[in-house]
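To find a chain, count down the sequence lines: A is the first, B the second, and so on, and within it residues start at 1. Worth knowing before you read on, the calculation uses all heavy atoms, side chains too, and leaves out hydrogens, waters and symmetry mates.
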Number of protein chains: 2
Amino acid sequence: MIGKRKPTHPGEVLSEDVIKPLGLTVTEAAKRLRVSRKTLSALLNGRASLSPEMAVRIAKATNTSPESWLYMQAKLDLWIAAKKSPKVQDLKAIAV
Amino acid sequence: MIGKRKPTHPGEVLSEDVIKPLGLTVTEAAKRLRVSRKTLSALLNGRASLSPEMAVRIAKATNTSPESWLYMQAKLDLWIAAKKSPKVQDLKAIAV
DNA sequence: AAACTTGTAACGTTACGCGTAACATGATAG
DNA sequence: CTATCATGTTACGCGTAACGTTACAAGTTT
């Protein structure tokens, strides 16, 4: 199919475009988001996915839309899922 | 916050807009998608989420975009996550 | 009646989100 | 130099979720 480039991990965007510009430490940001430092660290380092709840937290704490965050993750998930190229048959096909 | 109405479950859309119109049985659709009948049944009845891999399968089998399917799930996940109203502090806040 | 469809329960595997506790390292403050 | 802080990471545990196979009851079709 479409061999695009791997989408950017949302954690990287959160780190580069939000936390770093604001001069926040991971520890402080985690406190404000009310999640463990471990959880935020894993997300920022691309070792964890951005969950729907985390999207809501980040959106609230940055006045952005939760969709913008979760869709980034969705794009990445789809890219990974597409790489597996699951075999399927057309649902509109008449026969096998 | 925004008290919208609960987004439609993607499984319902798949059932109403694709499988039923095509006159497909759950059993036949599951075979074509190469997933177990149980898995598809759960999705169609809203008892399971639409996974990224399932989005790719459905997209391939119906010539639609995987995003259109996964975003429906994302919207629903966000609506559920927002209901929990997690407490957070503004990341741009100067003090506590 | 025989064949098919469907929902669902039981059981198991694999994966992941999140938390606490803890440790080693590197950087900063005094 | 030393005490404090920030960070990444590992070890455990807990709960949830996606998926598969097997199997059964109930309803539908042929």
Looking at Ala30(A), is its backbone amide N or carbonyl O close enough to the side chain of Arg37(A) to form a donor-acceptor pair, meaning the two atoms are under 3.5 Å apart?
no

Worksheet item: Under 4.0 Å: is that the gap between some side-chain N or O of Ser49(A) and OP1 or OP2 of dG17(C)?
Response: yes

Worksheet item: Between dT6(C) and Ser41(B), is there an OP1 or OP2 to side-chain N/O distance shorter than 4.0 Å?
Response: no

Leu24(A) atom CG is separated from dC5(D) atom P, nearest whole Å, by 18 Å

Arg32(A) CZ to dA6(D) P, in whole Å, measures 12 Å

Rounded to whole Å, CG of Leu33(A) lies from P of dG19(C) at a distance of 11 Å

For Arg47(A), which contact category applies under a 4.0 Å heavy-atom criterion: base, sugar-phosphate, or nothing?
sugar-phosphate

Side-chain contact check for Met54(B): nearest option of dC19(D), dT8(C), dC18(C) is dC19(D)

(message) Can you see if the side chain of Thr25(A) gets near the phosphate of dC5(D) - specifically, an N or O under 4.0 Å from OP1 or OP2?
(response) no

Here the distance between atom C1' of dG20(D) and atom CZ of Arg57(B), to the nearest Å, is 12 Å

Give a yes or no on whether the backbone of Ser85(A) and the side-chain of Lys87(A) come within a donor-acceptor separation of less than 3.5 Å. yes

Per atom distances to the Ala48(B) side chain, the nearest of dT7(D), dA18(D), dG7(C) is dA18(D)

Query raised in the report: Is there a donor-acceptor pair under 3.5 Å between the side chain of Lys60(B) and the backbone N or O of Pro86(A)?
Result: yes

Problem set entry | Main-chain N/O of Ala93(B) paired with Arg32(A) side-chain donor or acceptor, under 3.5 Å | yes

Ranking dA9(C), dT7(D), dT9(D) by distance to the side chain of Lys38(A), first place goes to dT9(D)

For this session: May I ask you to check whether over 12 heavy atoms, not counting those of Lys92(A), lie within 6.0 Å of atom NZ?
Result: yes

Please confirm whether the shortest side-chain N or O distance from Thr27(A) to OP1 or OP2 of dT7(D) is below 4.0 Å. yes

To the nearest angstrom, the CG-C1' distance between Leu43(B) and dG7(C) comes to 14 Å

OP1 or OP2 of dG19(C) sitting under 4.0 Å from any side-chain N/O of Ser36(A)? yes

- prompt: Reckon Thr39(A) has a side-chain N or O less than 4.0 Å from the OP1 or OP2 of dG19(C)?
  reply: yes

When rounded to whole Å, the NE2 to P distance for the pair His9(A) and dC16(C) reads 11 Å

Closest to the 5' end of DNA chain D, once Glu53(B) and Lys31(A) are matched to their nearest nucleotides, is Lys31(A)

Result for 5'-nearest mapping on DNA chain C, choosing between Leu50(A) and Arg37(A), is Leu50(A)

Whole-Å distance, Leu44(B) CG to dA18(D) P, equals 14 Å

Separation of dG15(D) atom P from Lys84(B) atom NZ, nearest Å, is 15 Å

